[in-house]
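Here's the structure, in structure tokens; my notes come after.
Atom set for the values below is all heavy atoms of this structure, side chains included, hydrogens, waters and symmetry mates excluded. Here is how names work: the chains are called A, B, and so on, in the same order as the sequence lines, proteins then strands, and each is numbered from 1.
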2 protein chains.
Amino acid sequence: MLHNGAGRATAARMLDLLRTAGTLSRVELAEQSGLTAATITNVVRRLIDDGLVHEVGRESLQGRGQPRRLLELDPSAWYAVGIQVDRTTTTIVVVDFAGGRVASAGLRGSGTSGPEETVTTLADHVTDLLHSAQVPRDRVLGVCLVTHGPQDRERGVLLTAQPTPEWLEYPLTSTLSQRLGLPVLLENDATAAALGEQWAGTVATDTFGLIYMASGIGGGVVVDGDAYRGRASNAVEIGHVALSGGRTPCVCGNRGCAQAEAGPRTVVEQVLADEPLAERLGVRGAIDSTLADFERVARAWRAGDPAATAILERSARWVGQAAVTLVNLFDLDTVVLAGPAFVTTGPLYQRLILAELEERALSRTLSAPTVLLSTDVGTAAAIGGALHVLRTIPVDRDTLQHRSSAPAPEGEP
Amino acid sequence: MLHNGAGRATAARMLDLLRTAGTLSRVELAEQSGLTAATITNVVRRLIDDGLVHEVGRESLQGRGQPRRLLELDPSAWYAVGIQVDRTTTTIVVVDFAGGRVASAGLRGSGTSGPEETVTTLADHVTDLLHSAQVPRDRVLGVCLVTHGPQDRERGVLLTAQPTPEWLEYPLTSTLSQRLGLPVLLENDATAAALGEQWAGTVATDTFGLIYMASGIGGGVVVDGDAYRGRASNAVEIGHVALSGGRTPCVCGNRGCAQAEAGPRTVVEQVLADEPLAERLGVRGAIDSTLADFERVARAWRAGDPAATAILERSARWVGQAAVTLVNLFDLDTVVLAGPAFVTTGPLYQRLILAELEERALSRTLSAPTVLLSTDVGTAAAIGGALHVLRTIPVDRDTLQHRSSAPAPEGEP
DNA sequence: CGTCCTACTTGACCACTTTAATTAAGTGAG
DNA sequence: CTCACTTAATTAAAGTGGTCAAGTAGGACG
């Protein structure tokens, strides 16, 4: 090991900077990290020796002096897998070391299956996807399982008994890890999406909130580049913010929660309550096809259907109210929207949530609120999970040896 | 400067640990900081040389071996001043290096005076208080000004035009700093109180929320021992959480905010709406005596008055609802109550807020919620501000020289 | 074509920490 | 009573991760 400036944390920071910027010179790395050029030289040398980084030409001339040599991550150095599992949808993505999407697959959700069955299915699909994308398994750094609701990230276990009681405390990550022979992390869907947006560079600031809407509504907050996790990583449950004027009882025991008043399931049920409308839109209301039904409503809105529009606009206003609370409590000025429910409806929600923030957020006079759509609306969470793997699991000079000799570790380092 | 284990940050951490624990041995410092005994030896030696720490006997025998030598902060090494300014109350406290209260004074609030006048008054009172407590000014590390509402901590300026327009952007800390010849920090009242509670050891965890109620309602969150500050230090505006069922318009532009529905001013106004009741309690409703009036209602509750009880209980339930949102979004299980409004009503609010959390908080089944009363209900924010000074401003071997040669610096280091 | 400017590299040094002895100061069994 | 044992505190040497200052490298400009 070198004696100068080769700290593991520092190296990880350089990789992060390169991943978000795409390509940077050593000078820019020094500026952005606050370290000296000397340190950068040493750290970068090691990264190049390890095959993680390449020099890719020089910067187009900007005057006199020696031109800066541009650095870039080697995309094929490592890969990571993100799996977003929801009741009604599942998305698997494979991402290369630079964060680029290599392959992806959309499956039906976990439905009412037990965890054992789901894990087996997922493991098979991951194996297939890696194979068809010709990604060698020993170059896969790890897998991140991304789910909704309360979880124990340390132990890699869900703390919910839904959809079936066996899910509660089922050894999710360790089982999947064993099946795949790869490390498996667990992450909240909204937090994963937020981390993903950050690396994707969707937002200019490194402090923002994210609203994730799939079957339910979740929230994530990134402050100074780090996810807010709270006491036990179950923070930002924006779906259970009780809204002014709301009265609908929620599964959580409270009344008027955002999710109960405005979530996709509620939107679908409001359509179902109007039988001719439901008939017209083709909405059937099966519990496992909430998102498909929601998508039908979204398309009706796009086609100009006034009833569908009214229902969606009501939902968007409610979510906007929840966003106001999110913004007031976490002191944000930027909110990103992500998740399959926004694939079609994104612009509508974006407009109305922004309107609520501009009208009601406390800090609206101090700094104008911004609402952005994710760069990967539908797959943000899975991508974010995969990027989380790249960021979290250390890539040492000798990670490969470790990998081939010892069996795959599990969970956090 | 010594060459071994004398890091400034490390030294500050030792002081923090000693301040919260009161007295610790070197071994315990090593355990709690994760550093080795060797490092502790060096850091502690320097602290003793600088006169900040003393050895105070040995630990009562716990078996064989050499007994541990107990360490303690020298209370008289330094002092700090905390000033909590509200519209209707002002509290000044002087705290010694160990965090003990040396002197305190309660004044009327800033009322409708301009900032110039207020700063002059405060400077005079601080000077008087230091004099009467016989605290030498060159041993005062600094002052922390603690206020409600939006502020720019970096620049030491309030971002609100209340009560008079001159307050907006008035150079608050720099002016006070000049008057006193001491560094002056700015801090949010609820955050200061939360930091205070943490050093005071009120809470077992280092992750908790705090609700601060004076003329308004504010919130603070401490995560892993650090205050959550958000984008621009104006986070956790729990007074402006819109509550389920609320409709009252709030100054912030929203409806149904916790402060508008349940704040002390609203409580007083509800009493005023019932003329015979107001008469009976002696509530007059002058805008600058909100807290005095609130205190009258509180005493009526304690005396068993049913009308006063009903009004306060309604307020407490509302605040409880806001606490549910706080707890759900920040993933907390502990909430502390502080601020002058809780001096008498503390137990009532504590009981009802706990009831709301036990009924409605999302994580109630994962970990039982706790609601605690501050150890210094009325003066928590001022004490917290003073402790913030002790924690933030570095005490070097040569701070004293700097102090006497150069004029007092201003703001954060 | 040499000078100038900027990027990058090198080696000496520095602050802080750990590791491995070493010394200090007690307890309790015989 | 004293010697073996235990735990605390100190010391010196070595490791880690960086800075600083003085070089070297490579292209632009007059």
Side-chain angles (χ1 to χ4, degrees), chain A residues 1-15 17-18 21 23-50 53-72 394 396-398, chain B residues 1-15 17-18 21 23-50 53-72 394 396-398:
Chain A
M1 203 169 287
L2 293 174
H3 271 234
N4 270 341
R8 179 176 286 199
T10 309
R13 199 136 121 266
M14 297 304 126
L15 295 176
L17 290 172
L18 282 170
T23 151
L24 287 174
S25 65
R26 287 177 179 75
V27 177
E28 289 167 310
L29 280 177
E31 284 166 359
Q32 294 192 26
S33 67
L35 298 173
T36 49
T39 305
I40 303 296
T41 289
N42 290 317
V43 175
V44 167
R45 184 191 1 251
R46 188 160 120 156
L47 293 176
I48 290 177
D49 285 354
D50 289 1
V53 166
H54 288 316
E55 289 198 347
V56 288
R58 8 204 63 154
E59 193 161 51
S60 51
L61 51 132
Q62 74 276 317
R64 303 181 153 216
Q66 177 176 157
R68 303 174 172 184
R69 288 177 243 164
L70 292 176
L71 303 167
E72 198 173 81
D396 263 351
R397 161 158 310 193
D398 35 29
Chain B
M1 201 169 289
L2 293 175
H3 270 235
N4 270 341
R8 179 175 285 200
T10 310
R13 199 136 120 265
M14 299 300 127
L15 294 177
L17 290 171
L18 282 169
T23 151
L24 287 173
S25 64
R26 287 177 179 74
V27 177
E28 290 166 310
L29 281 177
E31 285 165 356
Q32 294 192 27
S33 66
L35 299 172
T36 47
T39 305
I40 303 297
T41 290
N42 290 318
V43 175
V44 167
R45 186 194 355 256
R46 186 161 122 157
L47 294 176
I48 290 177
D49 285 354
D50 288 0
V53 166
H54 288 316
E55 288 198 346
V56 287
R58 8 204 62 157
E59 195 160 53
S60 51
L61 52 130
Q62 72 277 319
R64 301 181 155 215
Q66 177 178 156
R68 304 172 172 186
R69 290 178 239 164
L70 292 175
L71 302 166
E72 199 173 80
D396 265 351
R397 159 159 314 192
D398 35 28

Between the protein and nucleotides 20-24 of chain D, list every N/O to N/O distance that falls short of 3.5 Å.
none

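A sub-4.0 Å separation between OP1 or OP2 of D/dA9 and a side-chain N or O of B/T41 is absent. Between A/R69 and C/dA7 there is no side-chain polar atom (N or O) within less than 4.0 angstrom of OP1 or OP2. The phosphate of D/dT7 (OP1 or OP2) has no side-chain N or O of B/R64 nearer than 4.0 angstrom. For D/dT11, one of the phosphate oxygens OP1 or OP2 lies less than 4.0 angstrom from a side-chain nitrogen or oxygen of B/R45.
Here the CD-CG distance, from B/E28 to B/L70, works out to 7.0 Å after rounding to the nearest 0.5 Å. B/T10 OG1 to B/N42 CG: the interatomic distance, rounded to the nearest 0.5 Å, is 11.0 Å. For the atom pair CG of A/L29 and CG of A/L47, the computed distance is 9.0 Å after rounding to the nearest 0.5 Å. The line from OG1 of A/T41 to CG of A/L35 is 11.5 Å long, rounded to the nearest 0.5 Å. The CG atom of B/L18 sits 9.0 Å away from atom CD of B/Q32, with the distance rounded to the nearest 0.5 Å.
Regarding A/E28, its CD atom lies at a distance of 15 Å from the P atom of C/dT6, rounded to whole Å. Computed from coordinates, the B/L24 CG to D/dA8 P distance equals 14 Å when rounded to whole Å. Between the P atom of C/dT17 and the CG atom of B/L29 lies a distance of 13 Å, rounded to the nearest Å. Atom CE of B/M14 is separated from atom C1' of C/dT17 by 12 Å (rounded to the nearest Å). The distance from atom CZ of A/R68 to atom P of C/dC5 is 16 Å, rounded to the nearest whole Å. Rounded to whole Å, the distance from CZ on B/R26 to P on D/dT10 is 4 Å. As rounded to whole Å, 13 Å separates atom C1' of C/dA15 from atom CZ of B/R8. Atom CG in A/L70 sits roughly 14 Å away from atom P in D/dG27 (whole-Å rounding).
Partners of B/E55 according to the side chain to side chain contact (heavy atoms under 4.5 Å, CB included) rule, which considers only residues two or more places apart in sequence or in another chain, are B/R26, B/I48, B/R69, B/L71.
Side chains of B/R46 and B/V43 form no contact here, defined as non-hydrogen atoms less than 4.5 Å apart.
Summary of the strand contacts: B/V27 and A/A37 both lie near DNA chain D, and taking for each the nucleotide with the nearest heavy atom, the more 5' one is attributed to B/V27.
Residue B/L35 is classed as a sugar-phosphate contact, given heavy-atom separations below 4.0 Å to backbone atoms only.
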